[in-house]
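Structure first, commentary second.
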Amino acid sequence: MDRPPLNTIAVVGLGTMGTGIVDVLTRAGREVVGVDVDASAARRAVASLEASTARSVERGRLTEEERRGTLTRFRTSSDLQDVSGADLVIEVVPEDYDTKCRVFAALDSVVAPETILATGTNALSVTRLAADSDRPERVLGLHFFNPAPAMRLVEVVSSVLTSSEAVGAVTRLARELGKDPIAVGDRPGFVADGLLFGYLNQAAAMYESHYAGREDIDAAMRLGCGLPMGPLALLDLIGVDTARTVLDAMYAQSQDRLHAPAPILRQLSDAGLNGRKSGAGFYTYEAPGSPTVVPDARTPSDGAAGVTGRPVTAVGVVGSGTMAAGIAEVFARSGYPTVLAARSEEKARRALERVARSLERAVRKGRMSESDCRAALARITPSGTLEALSGVDLAVEAVAEDIEVKRELFAALDKVCRPGAVLATTTSSLPVVACARATTRPQDVVGMHFFNPAPAMKLVEVVRTVLTVDDAVATVREVCTAVRKHPVDCGDRAGFIVNALLFPYLNNAVKMVEEHYASPDDIDAAMKLGGGYPMGPFELLDVVGLDVSLAIEQVLHREFRDPGLAPAPLLEHLVAAGCLGRKTGRGFREYATR
């Protein structure tokens, strides 16, 4: 028999998260007691609820009468004795085991035997807290995401001791609050943070190694993956100290080096530079708590290097596939005379037809005029020979991701292209320097990694090898700006910025499924609802192609030699079985075949 609804709820800890949970509960008609030993925190919680409900009235989301009712349902206290009548207590005190244990011990002596005790931890062991309680079967995790009123995901965390009755009651409550609960087991980070914090840690380590600047890392992940925030800005929002605590807990259990907190996290947190709340972290802010970033000593200045690129009046694109056609379209739409060279006249003509179809779609959608469409198409000259590239100032290859094919092509481009022309490769996983060494002008070879579809995606990773000269890099950056793309600088190592951060995250998601911790559906929901990702990891893997994903993960593992980067066996098995994602009709999910 189901237990009665959870109508009276206590929230212990009235910080940012506790205050957000109070907002959600009171608006949903629950009687809420907020407890905090700090009277100023209680006052801030009341003021926050008053302000948020006033905004809702202004926006027509609440009536004044509903607002008064919401405010009436919330009272505060500094005494845990005042939670004695609660059906559910949600603890959101600081992420410290001893502190939480003391709260649970005190609650054991105050609340009724049937009261459910929930911890809001995202890093500490729910099982350990339950085992130290007098009522382990009624202890579980209830992990809201920040900001609680806006974020739909709630992770309901069971230990081996938790009763199904308690889990069911809390799950029903979450749904009644308008949230999307997913059931998960007890491991540090659970699903969303378990995947998120590994990715954030790698981004911090990437910045610490001076591989790429903070602005470029953040822009790469926003523009290349459609994320709402870059990883370093997100670390500042979460709190560097909080991230360090979560990663410490994850590493203690997994012993995976990818979870070992990057030293810069310790250095920043020890210095009190914990992000927005302290006024400085990876970035510097206008004031503690302010979201406004202000320039500091690490802010790049425009044209800091003082190097001007070479003039580019004509460009060449080599290849006949989707990427080559997309890049040719980008250049032609921006006014560049463009040679589209393929292995035969027929392949070049088909690539041009692909561009024409794309431009026609843009006209139908109102994104360009008929005259602009015709002008762009007229700027592209298809050719079945590389000789047509003899007059270009920039040649961009977009052929098969095979190092021998690319080396052979660069050797040919070296003979055909005029002295001073910049040669660029769009490789996403191969060493740019290997292409450069196939020429007599390695100083003029640059990585220019567009993202698919090239006309729509704003990001270009500009990759410098140890042999590339400054004005070759400046040339590519200037061209990127001219074609309305956002260039980010990085060095010549596997994955560059985006793939080096994205694919370990995807691989870890596969490992979660492999370990039967969570289903692909729950993991996808967790990352979309809890992390703001445009696609869940399994949706993305099936779109990218499991074979392509496996190849990139193998490259990362070979280069960095980190056991944590070894491709998940489940991914290898699916690829071996020919289950490659949408393109074969089956990957992590099955798709209708046409």
Side-chain angles (χ1 to χ4, degrees), residues 308-343 347-349 351-352 354-356 358-359 368 372-399 406 409-410 412-427 432 435-436 439 441 443-464 468-469 471-487:
T308 302
R310 305 169 194 178
V312 175
T313 57
V315 300
V317 179
V318 184
S320 57
T322 302
M323 183 58 81
I327 295 170
E329 178 183 336
V330 167
F331 286 133
R333 289 179 70 162
S334 297
Y336 284 101
T338 304
V339 177
L340 181 52
R343 285 183 294 175
K347 286 183 178 292
R349 183 182 62 76
L352 183 61
R354 191 192 298 262
V355 176
S358 177
L359 291 171
M368 70 185 310
D372 286 344
C373 172
R374 289 193 297 272
L377 204 55
R379 293 188 192 104
I380 302 176
T381 303
S383 175
T385 174
L386 293 180
E387 299 294 331
L389 300 173
S390 60
V392 304
D393 305 302
L394 168 65
V396 182
E397 71 78 14
V399 300
K406 289 185 188 290
L409 174 59
F410 271 81
L413 290 173
D414 186 36
K415 294 174 183 175
V416 167
C417 294
R418 66 168 187 76
V422 174
L423 310 182
T425 171
T426 60
T427 184
V432 176
C435 299
T439 73
R441 53 175 113 180
Q443 72 279 3
D444 294 337
V445 177
V446 183
M448 193 176 185
H449 180 211
F450 286 82
F451 286 74
N452 198 26
M457 299 295 282
K458 293 294 185 186
L459 181 69
V460 176
E461 290 176 319
V462 179
V463 186
R464 175 197 292 266
T468 311
V469 292
D471 68 336
V473 172
T475 301
V476 170
R477 287 186 59 86
E478 289 169 10
V479 168
C480 286
T481 301
V483 299
R484 295 180 291 281
K485 300 298 182 187
H486 186 104

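All residue numbers refer to positions in the sequence shown, counting from 1. Computed from heavy atoms alone, side chains included, the values below leave out hydrogens, waters and symmetry copies.
- Put simply, SG on Cys435 and CG on Leu413 are 10.0 Å apart, with the number rounded to the nearest 0.5 Å.
- Between the side chain of Lys458 and the backbone N or O of Pro487, no donor-acceptor pair lies under 3.5 Å.
- When all heavy atoms of Leu394 and Ala424 are compared, the closest pair comes out as CD1-CB, 4.2 Å.
- Partner Val446 forms a side chain to side chain contact (heavy atoms under 4.5 Å, CB included) with one of Val469, Val396, Val462, Val463 and no other, that one being Val462.
- With a 4.5 Å cut-off on side-chain heavy atoms, Met323 and Phe450 count as touching.
- Remark: the backbone N or O of His449 is not paired with any side-chain donor or acceptor of Glu461 at under 3.5 angstrom.
- Once rounded to the nearest 0.5 Å, the distance linking CZ of Phe331 with OG1 of Thr338 reads 7.0 Å.
- Arg333 pairs with exactly one of Val355, Val483, Leu359, Asp372 by the side chain to side chain contact (heavy atoms under 4.5 Å, CB included) rule, that one being Leu359.
- Within the 4.5 Å cutoff, the side chain of Met457 has no heavy atoms near those of the Asn452 side chain.
- Pro337 and Gly335 make their closest contact through CD-O, 3.5 Å (heavy atoms, listed as atom of the first residue, atom of the second, distance).
- In this structure, the separation between OG on Ser320 and CG on Leu340 is 8.0 Å, given to the nearest 0.5 Å.
- To the nearest 0.5 Å, atoms CD (Glu397) and OG1 (Thr425) are separated by 3.5 Å.
- Between Lys347 and Pro382, every side-chain heavy-atom pair lies at or beyond the 4.5 Å cut-off.
- Closest approach of Ile380 and Ala332 over heavy atoms only: CG1-CB, 3.6 Å.
- The pair Arg310-Asp444 meets the salt-bridge criterion, with a side-chain N (NZ, NE, NH1 or NH2) lying under 4.0 Å from an Asp/Glu carboxylate O.
- Between Val460 and the options Met448, His486, Arg477, a side chain to side chain contact (heavy atoms under 4.5 Å, CB included) holds for only Met448.
- Between Leu377 and Leu352 the shortest side-chain heavy-atom distance falls below 4.5 Å.
- Within 6.0 Å of the CZ atom in Arg418, the count of heavy atoms belonging to other residues, nucleotides or ligands exceeds 12.
- Considering all non-hydrogen atoms of both residues, Gly447 and Val432 come closest at N-CG1, 3.7 Å.
- Looking at heavy atoms from C-beta onward, Val318 lies in side-chain contact with Val399 at the 4.5 angstrom threshold.
- Taking CZ of Arg354 as the start and OG1 of Thr322 as the end, the distance is 4.0 Å to the nearest 0.5 Å.
- Across all their heavy atoms, Ala325 and Ala351 have their closest contact at CB-O, 3.9 Å.
- Under the 4.5 Å side-chain criterion, counting only non-hydrogen atoms from C-beta, Thr308 is in contact with Glu478.
- Put simply, the side chain of Val445 does not reach to within 4.5 Å of the side chain of Thr468, judged on heavy atoms.
- Of all the heavy atoms in Tyr336 and Ala482, the pair that sits closest is OH-CB, 3.4 Å.
- For the atom pair Thr313 OG1 and Asp393 CG, the distance stands at 4.0 Å (nearest 0.5 Å).
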